[in-house]
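Positions are given from 1 along the sequence. Indexing begins at 1, ligand by ligand and atom by atom, following the structure's order.
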Amino acid sequence: MSNERVKTVVEDIVDAVCDVFRKHEVTFDEYRAGFMHLIDTGENHEIGLLLDMFFNQTICDIEMKDRQGTRSNVEGPYFLEGAPLVTDEVKVCGDTEPLLIRGVVKDIKGNPIPDAEVDLWWANPEGKYSGYTDDLPMEYFRGKVNTDAEGKYCVMGSMPMEYSIATEQHGPTGELIEMLGGQGVRTKHIHQKYRKAGYQTLTTQAYFSGAAYLDEDPVKAVFEDLTYDLKEEDGRPVLDLEIVIDVVKA
Ligand code: BEZ
Ligand code: FE
């Protein structure tokens, strides 16, 4: 069955790629080398990584045309549906540094939003996401919490590690970053997804002021309005988030 939306977008993508090939007079050998690199990327299960690295933030920017509130930011390839429900603590393991994650969720008029569902996930001290390596089950370093009557949540987690796209296995996406002369480390970040009936789902991230690699994100998704100063309470770092989500438009 033909699909007009798919036809419109895919035909434009194909035209844009053909224009680039013509502009740079790409040879058959170069075309085949790129083709083989993509095959290799698939065989290494890195297609999601590659696409999200180049395109995810553009989709988030498009989303912001239709909403106010906190900026939409890359989900990346490591979100998992069905994270464990937590109340005050996300399970962590290994040599972690505690981080208290506190948030308040409001609408665009400043009213608190109770019973919003909040997914939190971040990289472990080895820079890995749970559920994606055999030795790190998904109940670690990710959790789902609900906001209280005042729109607030508060969970103990851990300081995220930087995430390196150019892994020690040196996958094809890392190789591509190298060929492009870039660097493949994403600065530390905490992923969040906010869901509440009647509101647009918000997927976003929090970055840390002064952190390494803040100004050289390979994904081009670090923004000042998502970069937070950590507080310190009882000798522990605290991340305080104020999140604004917008209603579903008619
Ligand atoms: C991340 O935020 O973890 C991510 C986003 C895009 C590509 C790779 C990783
Ligand atoms: Fe991430």
Hits for side chain to side chain donor-acceptor pair (under 3.5 Å) against Glu11, two or more places apart or cross-chain, chain-then-number order -> Lys7
Within-4.5 Å side-chain heavy-atom neighbours: Ser158 and Leu99 = no
Under 3.5 Å, is there a donor-acceptor pair between the side chain of Asn3 and the main chain of Arg5?
-> yes
Are Tyr132 and His45 close enough, and set up right, to give a side-chain hydrogen bond (donor to acceptor under 3.5 Å, both in side chains), and what steps lead you there?
-> CA-CA 11 Å; Tyr132 287 89; His45 308 288; over 6 Å; no
Identify all pairs of nitrogen or oxygen atoms, one from ligand 1 and one from the protein, separated by less than 3.5 Å, and list them with distances.
residue: ligand 1; atom: 2 (O); partner: Arg186; partner atom: NH1; Å: 2.7
residue: ligand 1; atom: 2 (O); partner: His189; partner atom: NE2; Å: 3.3
residue: ligand 1; atom: 2 (O); partner: His191; partner atom: NE2; Å: 3.2
residue: ligand 1; atom: 2 (O); partner: Gln205; partner atom: NE2; Å: 3.1
residue: ligand 1; atom: 3 (O); partner: Tyr129; partner atom: OH; Å: 3.2
residue: ligand 1; atom: 3 (O); partner: His189; partner atom: NE2; Å: 3.4
residue: ligand 1; atom: 3 (O); partner: His191; partner atom: NE2; Å: 3.4

Are Glu46 and Asn44 close enough, and set up right, to give a side-chain hydrogen bond (donor to acceptor under 3.5 Å, both in side chains), and what steps lead you there?
-> CA-CA 5 Å; Glu46 288 189 4; Asn44 279 274; 5.9 Å; no
Measure up the Phe141 and Trp122 rings against each other and bin them: parallel (under 30°), tilted (30 to 60°), perpendicular (over 60°).
-> perpendicular
Would you list the protein N, O or S atoms within less than 2.8 Å of the Fe ion (ligand 2), leaving out water?
-> Tyr129 OH, His189 NE2, His191 NE2
List, one per line, each side-chain donor-acceptor pair under 3.5 Å for residues 71-81, sequence neighbours excluded.
residue: Arg71; atom: NE; partner: Asp225; partner atom: OD1; Å: 3.2
residue: Arg71; atom: NE; partner: Asp225; partner atom: OD2; Å: 3.1
residue: Arg71; atom: NH2; partner: Asp225; partner atom: OD1; Å: 3.3
residue: Ser72; atom: OG; partner: Glu63; partner atom: OE1; Å: 2.6
residue: Asn73; atom: OD1; partner: Tyr207; partner atom: OH; Å: 2.6
residue: Asn73; atom: ND2; partner: Gln57; partner atom: OE1; Å: 2.9
residue: Asn73; atom: ND2; partner: Ala221; partner atom: O; Å: 2.8
residue: Glu75; atom: OE1; partner: Lys193; partner atom: NZ; Å: 2.6
residue: Tyr78; atom: OH; partner: Tyr163; partner atom: OH; Å: 2.4
residue: Glu81; atom: OE1; partner: Arg195; partner atom: NH1; Å: 3.2
residue: Glu81; atom: OE2; partner: Arg195; partner atom: NH1; Å: 3.3
residue: Glu81; atom: OE2; partner: Arg195; partner atom: NH2; Å: 2.7

What are the two closest heavy atoms between Ala211 and Thr187, and how far apart are they?
-> CB-OG1, 3.6 Å
For Thr204 and Gln192, what are the C-alpha separation, side-chain angles and deciding distance, and is it a side-chain hydrogen bond (donor to acceptor under 3.5 Å, both in side chains)?
-> CA-CA 5 Å; Thr204 191; Gln192 309 132 64; 5.4 Å; no
